[in-house]
Amino acid sequence: MSIVTVQLGQCGNQIGHEVFNAICSDVHGTHGLCSKKENESYHDACKERFFCEEESEVPIARAVLVDMEPKVISQTLSMAARSGYWKYDDRSRFCQKQGSGNNWANGYSVHGPRHKEVIMNLVQKEAEKCDRLGGFFTIMSMAGGTGSGLGAFVTQCLRDAFPTSFILNHVIWPYGTGEVIVQNYNSVLTLSHLYQSSDALLVHENDVIHKICAQLMNIKQISFRDVNQVIAHQLGSVFQPTYTAEGGLHYSRNPLGDLMETLVPHPEFKMLGLRNIPQMPENSLAYSTFSWPGLIKHLRQMLIANAKMEEGIDWQVQPPSRLLPPLQPFPNRPLHFNTSIANLVILRGKDTHSVDLGSFRDPSLYTSWLNPRDAFNAWKTPRAFNKYEKSASLVSNSQFLLKPLDNVVGKAWNMFASKAYIHQYTKFGIEEEDFLDSFTALEQVISSYTILC
Amino acid sequence: MAQSVVVQVGQCGNQVGCRFWDLALREHAAVNKNGIYDEALSSFFRNVDTRGGGDGPGIYKGKICSLKARALLIDMEEGVVNEILQGPLRDVFDSKQLITDVSGSGNNWAVGHKLYGYQYREKIVEKLRKTAEHCDCLQCFFIIHSMGGGTGSGLGTFVLNVLEDEFPEVYRFVTSVYPSGEDDVITSPYNSVLAMKELNEHADCVLPIENESLFDIVNKIHQMISSGKLGSTVKQNSLVTSSAGSARTVQEKPFDAMNNIVANLLLNLTSSARFEGSLNMDLNEISMNLVPFPRLHYLVSSLTPLYTLADVNVPSRRLDQMFSDAFSRDHQLIQADPKHSLYLACALLVRGNVQVSDLRRNIERLKPSLHFVSWNQEGWKTGLCSVPPVGHSHSLLALANNTCVKPTFTELKDRFMKLYKKKAHLHHYLHIDGMEQSCFSEAISSLSDLIEEYNELDATKGGPRTDPSRLQIAV
Ligand SMILES: Nc1nc2c(ncn2[C@@H]2O[C@H](COP(=O)(O)OP(=O)(O)O)[C@@H](O)[C@H]2O)c(=O)[nH]1
Ligand SMILES: Nc1nc2c(ncn2[C@@H]2O[C@H](COP(=O)(O)OP(=O)(O)O)[C@@H](O)[C@H]2O)c(=O)[nH]1
Ligand SMILES: [Mg+2]
Ligand SMILES: [Mg+2]
């Protein structure tokens, strides 16, 4: 099945480009350390998922590019064309002359309705090019105006136009400080709206990826490009073809559907975080070897201790014991223990069949209202990913994002109490009432994730 | 790409504007190597086919033929504009973009605003519409004027009103040159205060500039260069104040070095809207991020570095120095000290080879020494434009919405009151049609209100911070 990617705003387009690049260099640049036959079917599955060939010499990304200003898209298109390995369809883009000005209301209430028809036509055309449509993957930031506001609007339109398709929103969480002053307002509005129409939100925090670039990738002067390449690598490690437990001999047909089925058992919980291991500069890879038990042990501790990366994991954190009686309203769980709703582990490389994932099936990792057997899943492939002989990724629906969410809502609420910047939103028809609705919705989400046990 | 139109009014406005167009041409000439009319150029220039003589049709694609500034030049005397039309920039403007008179405004706001405003309204609207028709997406008007004289101050703020009526959707940025304490125009406090009321009510953003500050900066640069203190690392000329290498060189005039600073401010302010970068900052993001309440739209600016350094391979220490300098008192374009006042919001517009990690490092480093208002503790906005200014490897423009503008306003108010109490020169104003005593009292109370708003904010500085309690939901 195929996935149609919708890239929105500067961030969405810059990241989208790196994602297709990463996927392409994985299939073209490496042989995956597996049998020729294996590599071929991986290749084919990947092509079907992300590219269409048509009459063109190079594969064409199944993507729709949307922005309200022209600079980023024209740069993105020409960079892709210059790669020589793949390109975008020149016709599958929409841009305007001036951006949304970091104003969610402008993106959502003005640009959205005004350009709905053109944008949805492009999406429709792209969807028709797929023999079998698996769903939509949107990429956007939540701090700006286009990705966030127009992105929320377009997601709603996708939901209306394709009621049975899966929609996964990839959302970039802004740096804590320093890029857009109204970012917390925009984020609150985006998240609350996406929560209504999306199937799941897959989140990357810029602060976290920035740290990975500094500490694991040893990059001195970090650019957005560096950050985006790490994000693209992580996304590729999830969405490149794999075998699911049930799928048998075929590469999974429906990655988005499988993902939702595994990870989103209840519509109140749709915030997904992503961790991967190992992650290091390419030139160090040659000198490193990894064992599966070592990788799995680290990955599991990253999960339960909510570590953002391999370095600096708190090994003291352990799951609470089920045998002890609960003492407090939040029973016997130490506060820094990260409780899960559901987890998905993806293994790529040799000997994946023999890997013991029992430690992820431990019921004490999960909330008690779900059957632990349904709460964990693993996807595997013997085909190595992107020059890593072995690699493991974790997609987790857990308390990973509770603190960042609480922070964003808290800061936005502080600002809201002083009524600062509100006039910028009412100018485009978003009133105080709308803010209050969004705050209420997110306080609800925070509360739901907080009381998990 | 969206376009901007510059409206330069009065002597100061036109002289600063002239420097702006010269340096804008220089900047685009440095970036645009192939002579093709591109999107970046289109934001301030039209490309016109003049072969048929006169102002031919616009050309949107292909070779640069003749570039025309998207500008309207207004002055009520002819001297400055005539000089421009006879000077090296003459081809950039044509007669349809001018409005002049012969008798001047006599440093009287009322003459500019009431008399000429009434007389020239239709002509102004007509020319503005014409200029706007040449844009396919007009985003922003930049008014350049001085506050202390008569034409820029009076007619300039009249144009501001016209823009609001005629083009309510288009942003209005005003670059206002404030008079210094020892200004040679005796009535400058009246003119400035009367103009302030208009700026308070009708501008989206105001960039106040004080001549005293420009003067100090120019002096400091000259001292640095002639003393050779920085040894061989400083190039002979400061690219910020000199016109060296500009499109068309002529004899420099007294204000030129000072005006170049203002021109650079406008170039850097608009660079991210014109050129590509990894974190674009469109013009409409400026007021969105920096103006939390409609009237508090005065942005204090600072430019760094002020001189170019000879070696282009800049160690990060020097890059960090650029960030530190932007917050120091002697780099501000008004007499102000943002570090010891309260920030409502702050923007950093960076050009050149600077990455997001450089921004983060410097914000983290500087943050502890700055005070931000309680509801905007993280009030930073940043933009990264990959094209540096000509001759530099990188540059920074900081825009601060900061209570440090207040002294400029209170001093102005004091100077106004000194004259007003004695009713000095009032009759020059009151005999103009439409000018009443109430214009003065309303203007001064508008200014007092603004000062009071800053006072109230200042009073919160350093006080205890209590976050409002969070919204309760029924579980
Ligand atoms: N990771 C990453 N974040 C980005 C990139 N570009 C912008 N951002 C983030 O996106 C936010 C700004 O939104 P942006 O995408 O520029 O706004 P839009 O164009 O109006 O959608 C900020 O939080 C930035 O940190 C990028 O290329 N990569
Ligand atoms: N920075 C700067 N200030 C100027 C310039 N020309 C005049 N001024 C200042 O502007 C004020 C006088 O206003 P002016 O522009 O001459 O009056 P107008 O022609 O009636 O608008 C005084 O404060 C002058 O110091 C100039 O070219 N540059
Ligand atoms: Mg004069
Ligand atoms: Mg942007």
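Below, chains carry the letters A, B, ... as their sequence lines are ordered, and counting in each starts from 1.
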With only heavy atoms counted, which part of [X] is less than 4.5 Å from chain B, the side chain, the backbone, both or neither?
X	answer
A/Phe416	neither
A/Ile446	side chain
A/Ser100	backbone

Is there a donor-acceptor contact under 3.5 Å from the side chain of A/Gln221 to the main chain of B/Val354?
-> no
Is the closest basic N to carboxylate O distance between A/Asp406 and B/Arg470 below 4.0 Å?
-> yes
Under a 4.5 Å heavy-atom cut-off, does chain A meet the side chain of [X], its backbone, both or neither?
X	answer
B/Glu364	side chain
B/Thr466	neither
B/Asn362	neither
B/Ile363	side chain
B/Ser43	neither

Which one wins on heavy-atom pair count under 4.5 Å against chain A: [options]?
options	value
B/Leu290, B/Val291, B/Leu283, B/Leu384	B/Val291
B/Ser374, B/Gly277, B/Ser287, B/Pro294	B/Pro294
B/Ala273, B/Ala347, B/Cys346	B/Ala273

I need the minimum non-hydrogen distance between [X] and [Y], along with the two atoms involved.
X	Y	value
B/Phe293	A/Ser418	CZ-O, 3.5 Å
B/Met288	A/Asn103	SD-ND2, 3.4 Å
B/Asp282	A/Gly99	OD2-N, 3.1 Å
A/Gln10	B/Asn280	OE1-N, 2.9 Å
B/Asn289	A/Tyr421	O-OH, 2.6 Å

Hey, could you give me the [atom1]/[atom2] distance between [X] and [Y], rounded to the nearest 0.5 Å?
X	Y	atom1	atom2	answer
A/Lys220	B/Ser357	NZ	OG	10.5 Å
B/Trp380	A/Thr177	CH2	OG1	9.5 Å
A/Glu69	B/Glu276	CD	CD	10.5 Å
A/Lys71	B/Glu39	NZ	CD	9.0 Å
B/Asn284	A/Asn106	CG	CG	7.0 Å
A/Ser141	B/Leu279	OG	CG	9.5 Å

Show the numbers, then the answer: is there a side chain to side chain contact (heavy atoms under 4.5 Å, CB included) between A/Ile222 and B/Gln355?
-> CA-CA 6 Å; A/Ile222 301 160; B/Gln355 299 301 340; 5.9 Å; no
Check step by step if side chain to side chain contact (heavy atoms under 4.5 Å, CB included) holds for B/Asp467 and A/Trp413.
-> CA-CA 9 Å; B/Asp467 289 346; A/Trp413 184 250; over 6 Å; no
Which residue out of [options] racks up the most heavy-atom pairs below 4.5 Å with chain B?
options	value
A/Gln14, A/Glu179, A/Gln75	A/Glu179
A/Thr440, A/Ile219, A/Leu436	A/Thr440
A/Lys97, A/Lys419, A/Lys427, A/Arg225	A/Lys97

Take atom NZ of A/Lys308 as the centre, draw a 6.0 Å sphere, and report whether it contains more than 12 heavy atoms from other residues, nucleotides or ligands.
-> yes
Worked check of side chain to side chain contact (heavy atoms under 4.5 Å, CB included) between B/Arg360 and A/His210 = CA-CA 10 Å; B/Arg360 310 219 60 72; A/His210 197 92; 3.9 Å; yes
I would like to know whether A/Lys411 and B/Glu378 meet salt bridge (charged side-chain N to carboxylate O under 4.0 Å, His left out); could you show each step before the answer?
-> CA-CA 9 Å; A/Lys411 287 179 194 168; B/Glu378 272 136 15; 2.8 Å; yes
Check the pair B/Ile473, A/Ser447 against side chain to side chain contact (heavy atoms under 4.5 Å, CB included), reporting the backbone distance first and the verdict last.
-> CA-CA 9 Å; B/Ile473 49 156; A/Ser447 149; 4.0 Å; yes
